[in-house]
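Position 1 is the first residue of the sequence, and the numbers go up from there.
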Amino acid sequence: VRPNFGVLGVNQGTYGAPQTIFIGGTVMEAAESLVEMTQADRSVSADALFAEVYPNPSNGSMINVQVENVSSSDLYLEIMDIQGRIVYTNRYAVEGSLNTTITFDNTLSNGVYNVRFTMGNEVINERLMVTK
């Protein structure tokens, strides 16, 4: 990250050397050391749990859920509102992948929801926006 100072589109110079900011903590280091630290994070296993929620944004009456690379028969799904209250929960017995539609008895209110998928000690969080 490097700020550029300009007036009316004319570059007036730069401030300092470019830096990479590591968001995973409060560390700011040179780019070379960050590349080493993050290289392991970039190699995601093909067997990693993958989850998707759509349509997003939703109208709050239903959502589709697709989960791949399920290696446990117990997959838990929780939907929480912005205040952390659970508005939907279910356990699925599935092997391989899950593709299902969830229809809500009571339409979800406008807002942002957290959709949490849990398989063993692996957790994925997806955001869901509800607008009407």
Side-chain angles (χ1 to χ4, degrees):
V1 175
R2 179 184 69 208
N4 286 325
F5 300 101
V7 177
L8 300 174
V10 177
N11 188 0
Q12 301 293 317
T14 58
Y15 179 78
Q19 296 289 317
T20 302
I21 299 172
F22 182 63
I23 304 297
T26 58
V27 178
M28 181 183 267
E29 297 185 26
E32 296 82 25
S33 60
L34 285 176
V35 168
E36 294 173 12
M37 290 171 51
T38 58
Q39 209 59 292
D41 295 337
R42 291 185 183 178
S43 60
V44 177
S45 169
D47 297 332
L49 186 64
F50 169 80
E52 185 177 19
V53 177
Y54 59 94
N56 197 2
S58 168
N59 64 7
S61 63
M62 58 75 70
I63 60 171
N64 295 302
V65 174
Q66 180 179 354
V67 186
E68 296 177 4
N69 299 325
V70 179
S71 62
S72 170
S73 62
D74 291 331
L75 175 69
Y76 296 91
L77 184 142
E78 293 177 312
I79 302 176
M80 292 163 281
D81 65 11
I82 197 72
Q83 296 174 340
R85 295 179 296 212
I86 296 175
V87 296
Y88 178 85
T89 185
N90 202 352
R91 176 188 153 295
Y92 296 92
V94 62
E95 196 71 35
S97 64
L98 170 71
N99 194 355
T100 189
T101 299
I102 298 172
T103 305
F104 301 106
D105 294 334
N106 298 320
T107 303
L108 299 178
S109 301
N110 286 346
V112 178
Y113 292 81
N114 184 42
V115 183
R116 181 185 316 172
F117 301 90
T118 307
M119 178 183 72
N121 60 0
E122 195 171 354
V123 177
I124 292 181
N125 289 296
E126 292 290 322
R127 296 259 169 138
L128 171 66
M129 175 73 76
V130 174
T131 58
K132 297 176 190 173

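Between T103 and S61, every side-chain heavy-atom pair lies at or beyond the 4.5 Å cut-off. Here the side chains of L77 and L98 are not in contact, with every heavy-atom distance at 4.5 Å or above. A 4.5 Å side-chain heavy-atom check between M119 and V67 finds every atom pair outside the cut-off. Residues V70 and Y92 are not in side-chain contact: their nearest non-hydrogen atoms beyond the backbone lie 4.5 Å or more apart.
V123 and I86 are members of different hydrophobic clusters when ILVMFWY side chains are connected at heavy-atom separations under 4.5 Å.
No donor-acceptor distance shorter than 3.5 angstrom exists from the side chain of N114 to the backbone of G84, with no hydrogens or angles considered. A donor-acceptor pair under 3.5 Å is formed between the side chain of N110 and the backbone N or O of K132. Panel note: side chain D74, backbone G120; no donor-acceptor pair is recorded below 3.5 Å.
Q66 CD to F50 CZ: the interatomic distance, rounded to the nearest 0.5 Å, is 6.5 Å. With rounding to the nearest 0.5 angstrom, the CD atom of E78 is 11.5 Å from the OH atom of Y88. Put simply, CG on L128 and OH on Y54 are 13.5 Å apart, with the number rounded to the nearest 0.5 Å. Annotation: the span from I63 atom CD1 to E52 atom CD amounts to 11.5 Å, rounded to 0.5 Å. Separating the OH atom in Y113 from the CZ atom in R85 is a distance of 8.5 Å, to the nearest 0.5 Å. For the atom pair L108 CG and D81 CG, the distance stands at 9.5 Å (nearest 0.5 Å).
Here the closest non-hydrogen pair linking G60 and F104 is O-CD1, 3.5 Å. Closest approach of P55 to N64, counting heavy atoms only: CD-ND2, 4.1 Å. Considering all non-hydrogen atoms of both residues, I124 and L49 come closest at CD1-O, 2.9 Å. Summarising the geometry of M129 relative to T131, their closest heavy-atom pair is CG-CG2, 3.9 Å, with the distance given to 0.1 Å.
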(request) Could you walk me through whether V65 and V115 pass side-chain contact (heavy atoms from CB on, under 4.5 Å), step by step? (result) CA-CA 10 Å; V65 174; V115 183; 5.7 Å; no

